[in-house]
Amino acid sequence: MDRTWLSSCWKKAMRCMASFVGLVLLIQAGLNISIRTHRLTLKEISFDLAEYTADVDGVGTLRLLDAIKTCGLINSVKFYQASTSELFGKVQEIPQKETTPFYPRSPYGAAKLYAYWIVVNFREAYNLFAVNGILFNHESPRRGANFVTRKISRSVAKIHLGQLDCFSLGNLDAKRDWGHARDYVEDSVQETAVAEVVIASDGVIRMTRTSQGKAMWLMLQTDEPEDFVIATGEVHSVREFVEKSFKHIGKTIVWEGKNENEVGRCKETGKIHVTVNHKYYRPTEVDFLQGDCTKARQKLNWKPRVTFDELVREMVDADVELMKNNPNA
């Protein structure tokens with residue numbers, strides 16, 4: 001077959017592919033995140049679907065990077081990898097920052113570790129603007145129902161409305177650095193920069209602009225690509241999330257028993273609203289995650305705005321409204 005003709009066809013195919021690569025990248029990136037959100041970020045499920053997890057969260061990232069390189073878009077594309085605090089797993093230092101050694105404790109974490117390093121590799125090998133955003137847990141009323149925070153807020157809302165009596169959880173003492181997705185992603189089109197008043201040493205009052213929130217976007221605006229930890233620096237347990245959620249609807253949870261026999265009883269009514277079920281434990285637990293976002297504060301001028309209490313209240317309020325309108329949601 002004529003090699004010149006083949007070469008011509010290949011070039012035409014590459015031009016066509018380049019035309020659609022933006023859409024392809026968006027679709028594949030969406031799959032990488034949405035599939036993970038739908039099922040695989042329940043880390044215990046990734047143990048049952050280890051190969052699938054690796055294909056989506058590990059090799060999926062490689063496919064995206066290869067598409068950029070193959071289409072000749074190295075100099076025109078900026079790549080953001082949705083990395084995770086699960087990379088740290090069995091933590092090697094507290095708090096965890098960009099230089100903390102990784103020790104993933106699930107197939108999901110291991111797949112994300114491959115994705116992290118292949119991003120670094122493409123950045124160094126091809127000079128691609130590619131960054132890893134090592135985001136600690138970021139929650140909101142949009143969180144999937146199978147995540148522990150949303151499971152709590154939904155269940156508390158149903159209990160408040162008389163639609164449910166009790167629900168089960170796993171490790172109540174697991175501690176996480178929980179922030180609000182709005183601070184980390186900022187999906188609103190509204191202006192997020194705020195004005196700050198600065199009094200200089202010469203006594204002159206000046207106004208500066210500070211970009212707060214939308215940490216992911218800020219990472220892509222730097223002159224040189226770097227990886228960043230994004231976190232609040234605060235740690236709260238699953239138990240505390242439960243207590244604050246119930247407190248918001250006027251109930252005080254009192255804990256009785258130990259381990260799998262522990263229950264959360266309402267002090268006001270005496271009813272048991274929370275039980276512990278071993279099936280919600282992971283084969284290898286991640287007990288403690290706390291991020292150090294000093295680098296992001298200094299280089300991106302980023303800091304979280306929403307407090308833990310505000311996050312809990314917002315999630316519970318949103319689910320109360322949701323269950324009022326659609327109890328089967």
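Remember, it's a predicted structure, so these values are computed and weren't measured experimentally.
Using modelled atom types and a 3.5 Å distance limit, the side chains of T232 and D177 yield a donor-acceptor pair. Residues T100 and Q92 bring no donor and acceptor atom of their side chains to less than 3.5 Å of each other. Of the N and O atoms on the side chains of D317 and H248, at least one donor lies less than 3.5 Å from an acceptor on the other residue.
Residues D227 and R123 are paired through a salt bridge, judged by an N-O separation under 4.0 Å between the basic side chain and the carboxylate. Between K295 and E98 there is no salt bridge, since none of the side-chain N atoms of the basic residue sits less than 4.0 Å from a carboxylate O of the acidic one. Here R143 pairs with E139 in a salt bridge; the nearest charged N to carboxylate O distance falls below 4.0 Å. We find that R182 and E314 are joined by a salt bridge, their nearest charged nitrogen and carboxylate oxygen being less than 4.0 Å apart. In this structure, R105 does not pair ionically with E285, as no charged nitrogen and carboxylate oxygen lie closer than 4.0 Å.
Residue E224 qualifies as open at atom CD: its count of foreign heavy atoms under 6.0 Å is 12 or below. Heavy-atom contacts from other residues, nucleotides or ligands closer than 6.0 Å to CG of N127 number 12 or fewer. The 12-atom threshold is not exceeded at NZ of K90, counting heavy atoms of other residues, nucleotides or ligands nearer than 6.0 Å. Sparse packing is recorded around NZ of K271, with 12 or fewer heavy atoms of other residues, nucleotides or ligands lying under 6.0 Å away. Other residues, nucleotides and ligands contribute over 12 non-hydrogen atoms within 6.0 Å of the CG atom of N326.
Taking 4.5 Å as the limit, some side-chain heavy atom of V286 sits within range of a side-chain heavy atom of R176. Looking only at side-chain heavy atoms (C-beta outward), H180 and S140 come within less than 4.5 Å of each other. Taking 4.5 Å as the limit, every side-chain heavy atom of H278 sits out of range of all side-chain heavy atoms of V276. The shortest side-chain heavy-atom distance between L64 and I68 does not fall under the 4.5 Å cut-off. Side-chain contact between V320 and H160 is present, with at least one heavy-atom pair separated by less than 4.5 Å. Using a 4.5 Å heavy-atom cutoff, the side chains of V274 and V263 are not in contact. Side-chain contact between Y103 and L87 is absent, with no heavy atoms from C-beta onward closer than 4.5 Å. Residues Q81 and K112 form a side-chain contact, since some pair of their non-hydrogen atoms from C-beta on lies under 4.5 Å apart.
With hydrophobic clusters built from ILVMFWY side chains whose heavy atoms lie under 4.5 angstrom apart, V56 does not share a cluster with Y116. Under the 4.5 Å side-chain heavy-atom criterion for Ile, Leu, Val, Met, Phe, Trp and Tyr, L135 and L220 are members of the same hydrophobic cluster. The same ILVMFWY cluster, assembled from side-chain heavy atoms under 4.5 Å apart, contains both F288 and F102. Clustering ILVMFWY residues whenever any of their side-chain heavy atoms sit less than 4.5 angstrom apart, transitively, puts F167 in the very cluster that holds V148. Note on V235 and I230: separate hydrophobic clusters, where clusters join Ile, Leu, Val, Met, Phe, Trp and Tyr whose side-chain heavy atoms are under 4.5 Å apart, directly or indirectly.
Taking every heavy atom of both residues into account, V242 and I152 meet most closely at CG2-CD1, 3.6 Å. Contact detail for A111 and A54: the closest heavy-atom pair is CB-CA, 3.9 Å. For the pair Q290 and G233, the tightest heavy-atom approach, listed with the atom from each and the gap, is NE2-O, 2.8 Å. Closest approach of M323 to A329, counting heavy atoms only: CE-O, 3.9 Å. The two residues A231 and C293 have their closest heavy-atom pair at O-SG, 3.2 Å. For the pair P141 and M315, the tightest heavy-atom approach, listed with the atom from each and the gap, is N-CG, 4.0 Å.
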One pair to check against side-chain contact (heavy atoms from CB on, under 4.5 Å): W117 and V119. What are the steps and the verdict?
CA-CA 5 Å; W117 282 116; V119 166; over 6 Å; no

From CA spacing to verdict: side chain to side chain donor-acceptor pair (under 3.5 Å), E234, W178:
CA-CA 7 Å; E234 295 183 11; W178 276 308; over 6 Å; no

Walk me through it: do S245 and S153 pass the test side chain to side chain donor-acceptor pair (under 3.5 Å)?
-> CA-CA 7 Å; S245 296; S153 65; over 6 Å; no

- Could you walk me through whether I253 and K244 pass the side-chain contact (heavy atoms from CB on, under 4.5 Å) test, one step at a time? CA-CA 9 Å; I253 292 296; K244 287 186 178 293; over 6 Å; no

| message | Would I94 and Q96 count as a side-chain contact (heavy atoms from CB on, under 4.5 Å) here? Give the steps. | response | CA-CA 5 Å; I94 298 174; Q96 297 88 55; 4.0 Å; yes

Worksheet item: What's the verdict on salt bridge (charged side-chain N to carboxylate O under 4.0 Å, His left out) for D319 and R150, showing C-alpha distance, side-chain angles and the deciding distance?
Response: CA-CA 9 Å; D319 276 326; R150 187 74 194 288; 2.7 Å; yes

Please evaluate residues K247 and D309 with respect to the criterion salt bridge (charged side-chain N to carboxylate O under 4.0 Å, His left out), reporting the C-alpha separation (whole Å), side-chain torsions for both, the decisive distance (0.1 Å), and the verdict. CA-CA 11 Å; K247 183 178 180 181; D309 286 359; over 6 Å; no

Show your reasoning for whether side-chain contact (heavy atoms from CB on, under 4.5 Å) applies to I118 and V59.
-> CA-CA 9 Å; I118 200 64; V59 182; over 6 Å; no

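With sequence neighbours excluded, the residues forming a ring pair (Phe, Tyr, Trp, His ring centres under 6.0 Å) with H273 are F246, listed by chain and number.
Between the side chain of K151 and the backbone N or O of S168, at least one donor-acceptor pair lies under 3.5 Å. Formation of a donor-acceptor pair under 3.5 Å by the D292 side chain with backbone atoms of T294 is found in this model. Put simply, the side chain of E310 gets close to the backbone of T307: a donor and an acceptor are under 3.5 Å apart. The closest donor-acceptor contact from the side chain of T222 to the backbone of M219 lies under 3.5 Å.
Interatomic distance, I134 CD1 to F88 CZ, rounded to the nearest 0.5 Å: 4.5 Å. The distance from atom CD1 of I159 to atom SG of C166, rounded to the nearest 0.5 Å, is 7.0 Å. Here CD of E226 is found 10.0 Å from CG of D223. Values are rounded to the nearest 0.5 Å. Here the CG-CE distance, from D183 to M216, works out to 13.0 Å after rounding to the nearest 0.5 Å. For the atom pair OG1 (T149) and NE2 (H236), the distance works out to 13.0 Å, reported to the nearest 0.5 Å. For the atom pair CD of E86 and CG of N137, the computed distance is 7.0 Å after rounding to the nearest 0.5 Å.
With ring centers used as reference points, F241 lies under 6.0 Å from F308. Two rings, from Y184 and W302, have their centers less than 6.0 Å apart. Checked against the 6.0 Å centroid threshold, F79 and F122 do not count as a close aromatic pair.
In this structure, R239 forms a cation-pi arrangement with W255, its terminal cationic atom sitting closer than 6.0 Å to the ring centre and no more than 45° off the ring axis.
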